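Data block below; observations after.
Residues take their numbers from the sequence shown, with the count starting at 1. Both counts, for ligands and for their atoms, begin at 1 and track the order of listing. Reckoned from all heavy atoms, side chains included, excluding hydrogens, waters and symmetry mates. Here the structure is a predicted model, which is why all the values come from computation and not from measurement.
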Amino acid sequence: MNGTRKPIGVIGTGYVGLVTAVGFAEIGCEVYCVDIDPAKIAMLERGEVPIYEPGLEEMIAANSSRLHFSTSLDDMVAHARLLFVCVGTPPTHAGDADLSAVYAVVDAVPASADHVLVMKSTVPCGTGRTLKRVLAEQGKGSLAYVSCPEFLKEGSAIDDFLHPDRVVIGDEGGVAGDEVEALYAPLRAPIVRTDIASAEMIKLAANAFLATKISFINEIANVCEELDANVIDVAEGIGLDHRIGPKFLQAGVGYGGSCFTKDVSALKLLAANSGYHFQLLSSVIEVNELQKRRVVAKLQRHLDPLAGKRIALLGLAFKPNTDDMRGASSLVLASRLEAEGALVRTYDPIAETEALKVMPKLDCADSAQDVVVDADAVVLVTEWPEFLELDWSTVAGAMRGKLVIDGRNALDPEIIRAAGLVYEGIGRA
Ligand SMILES: NC(=O)c1ccc[n+]([C@@H]2O[C@H](COP(=O)([O-])OP(=O)(O)OC[C@H]3O[C@@H](n4cnc5c(N)ncnc54)[C@H](O)[C@@H]3O)[C@@H](O)[C@H]2O)c1
């Protein structure tokens with residue numbers, strides 16, 4: 001590809017930072033990456049990738065000559081003008097976004113009219129305005145600032161980066177926004193140019209809308225269960241309406257992941273802090289929390305009491321093709337089941353290491369075949385492809401009980417029943 005593009009900087013080499021870095025390297029940029037975590041940088045320098053994202057390792061290897069890793073900003077500042085900020089903004093205990101990593105970056109960058117901070121991290125609407133004031137107070141007012149929120153999805157992040165639905169660029173005029181637009185030009189994506197606050201709000205509103213769609217279909221699924229209707233057919237029937245669309249209409253055990261949970265909560269609190277009660281989002285969050293717990297009620301209905309019962313969880317990651325455990329429904333499920341005295345065993349093909357960091361006492365099996373042995377019930381939590389190909393007759397032979405709860409409506413009820421098992425999905429008559 002074109003090797004004459006200008007070098008860029010990426011601050012924070014997590015999911016967003018690494019994908020952004022390798023994506024821009026793929027379209028010809030030299031990319032200077034910085035992270036405060038020396039272990040992560042050492043791994044990347046050895047060609048190892050600290051996270052699981054399909055295709056990432058191969059693409060990093062293919063672009064290794066254009067990727068530079070360091071714990072210091074010096075090389076980046078010397079070579080690159082556009083500095084993409086991709087640090088984490090996790091929730092605080094109060095549910096707002098913790099911007100301490102963003103402020104650490106602001107403190108660390110030098111005063112310079114030759115650099116642009118391009119905010120990829122998801123930040124509350126109004127953050128850009130505050131950061132510009134802080135930069136001015138630190139004598140760094142000449143540093144330009146652009147908001148360019150990221151919309152990639154873990155599991156398909158590289159494709160999302162290279163083929164985005166849109167690129168949103170918020171700025172206050174000047175050349176910095178144009179430079180970011182020019183950088184993205186080879187991707188030929190629709191570009192939305194706006195002010196900084198609106199760009200920040202687009203990101204939060206997009207995630208809040210998607211989460212609302214999921215909570216909506218989960219509520220419909222729960223009503224379907226009461227009325228003997230099938231949510232899969234209902235979702236198809238409403239999703240074919242172009243005004244609605246079929247995506248994010250899969251009923252299940254609730255949304256998880258680092259983004260929906262924290263961004264919906266952050267938007268709700270952002271509104272509340274400015275005096276507005278965002279009633280709809282309160283319901284979206286509550287519905288999601290209840291949805292994660294509904295599986296426990298289903299298990300109780302079949303196996304009461306749960307104390308002493310062996311429950312096998314297929315999948316831990318918040319969705320397939322990622323090792324990310326942030327906000328994963330499996331964590332709530334495992335904790336609630338353990339609190340009821342159930343004996344929980346789990347298996348995930350990729351996310352076990354991350355899961356053990358959050359729940360060190362999790363009992364993890366070595367394989368899907370192993371986890372179901374002597375189980376009274378099996379719960380599909382993450383629809384990894386290998387779980388969809390299980391031989392259910394073999395599973396039935398290995399289990400102690402007969403119950404299969406399909407938390408993602410991803411299994412074929414006929415096949416499960418033909419194996420002599422009892423199938424229960426989410427909102428499936
Ligand atoms: N993960 C997603 O799917 C996704 C999608 C869109 C947007 N976002 C947003 O992008 C941002 C980053 O998310 P992520 O999932 O990549 O987070 P992450 O936790 O995977 O990565 C953040 C990285 O930043 C590094 N870091 C922290 N402070 C730093 C500093 N002062 N200097 C340099 N590096 C520093 C951390 O060591 C870590 O490697 C968040 O605001 C998130 O909401 C995430």
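A salt bridge is absent between Asp324 and Lys319: the closest approach of a Lys/Arg side-chain nitrogen to an acidic carboxylate oxygen does not fall below 4.0 angstrom. The existence of a salt bridge linking Arg129 and Glu172 is excluded, since no basic side-chain nitrogen approaches an acidic carboxylate oxygen closer than 4.0 Å. Between Lys298 and Glu424, at least one side-chain N (NZ, or NE/NH1/NH2) sits under 4.0 Å from a carboxylate O, which counts as a salt bridge. The pair Glu289-Lys292 meets the salt-bridge criterion, since a charged nitrogen lies less than 4.0 angstrom from a carboxylate oxygen. Ion pairing of Lys153 with Glu53 is absent here, as no side-chain N (NZ or NE/NH1/NH2) approaches a carboxylate O to less than 4.0 Å. A salt bridge links Arg326 with Glu154: the closest approach of a Lys/Arg side-chain nitrogen to an acidic carboxylate oxygen falls below 4.0 angstrom.
By the criterion of a heavy-atom distance under 4.0 Å, the side chain of Lys203, and not its backbone, is placed next to ligand 1. Contacts between Met119 and ligand 1 below 4.0 angstrom, taking non-hydrogen atoms only, are absent altogether. Of all the heavy atoms of Leu152, the ones lying under 4.0 Å from any atom of ligand 1 are found in both the backbone and the side chain. Under 4.0 angstrom from ligand 1, the non-hydrogen atoms of Cys86 all belong to its backbone.
Nearest heavy-atom pair across Leu316 and Ser330 is O-OG, 2.7 Å. The two residues Cys86 and Val10 have their closest heavy-atom pair at SG-CG1, 4.0 Å.
Interface atoms of ligand 1 facing Glu154, defined by a heavy-atom separation under 4.0 Å, are 1 (N), 2 (C), 3 (O). Residue contact check: Lys262 has heavy atoms under 4.0 Å from atoms 42 (C), 43 (O) of ligand 1. If you number the atoms of ligand 1 from 1 as listed, the ones under 4.0 Å from a heavy atom of Glu150 come out as 6 (C), 7 (C). Per-residue contacts place Ala101 under 4.0 angstrom from the following atoms of ligand 1 (heavy atoms of the residue considered): 28 (N), 31 (N). If you number the atoms of ligand 1 from 1 as listed, the ones under 4.0 Å from a heavy atom of Ile11 come out as 32 (N), 33 (C). Remark: ligand 1 atoms within the under-4.0 Å shell around heavy atoms of Ala104 are 31 (N).
Taking only nitrogen or oxygen atoms, main chain and side chain alike, Val16 reaches within less than 3.5 Å of ligand 1. At a 3.5 angstrom cut-off on N or O pairs, Lys40 counts as close to ligand 1. Not a single N or O atom of Lys153, backbone or side chain, sits closer than 3.5 Å to an N or O atom of ligand 1. When only interatomic distances are considered, the shortest N/O to N/O separation between Thr89 and ligand 1 falls below 3.5 Å.
In this structure, the ring of Phe84 has its center less than 6.0 angstrom from the ring center of Phe24. Two rings, from Phe216 and Phe248, have their centers 6.0 Å or more apart. For an aromatic pair to be called close, the ring centres must be under 6.0 Å apart, and Tyr52 with Tyr15 fails this.
For the side-chain contact (heavy atoms from CB on, under 4.5 Å) test with Pro124, the passing option among Leu267, Asp96, Leu99 is Leu99; the others fail.
Between Trp384 and Ile350 the shortest side-chain heavy-atom distance falls below 4.5 Å.
Selection from Leu73, Ile51, Ile36, Asp160 by nearest heavy atom to atom 34 (N) of ligand 1 gives Ile36. For atom 35 (C) of ligand 1, the choice among Asp324, Asp37, Val34, Val87 with the nearest heavy atom turns out to be Val87. Evaluated by nearest non-hydrogen atom to atom 21 (O) of ligand 1, the leading choice among Gly14, Ala157, Ala39 is Gly14.
In terms of protein heavy-atom proximity, atom 25 (C) of ligand 1 is nearest to Asp35 OD2, 3.2 Å. Shortest contact from atom 9 (C) of ligand 1 to any protein heavy atom: Thr122 OG1, 3.4 Å. Considering only non-hydrogen protein atoms, atom 22 (C) of ligand 1 sits nearest to Gly88 N, 3.5 Å. Atom 17 (O) of ligand 1 has its closest protein heavy atom at Arg326 NH1, 3.7 Å.
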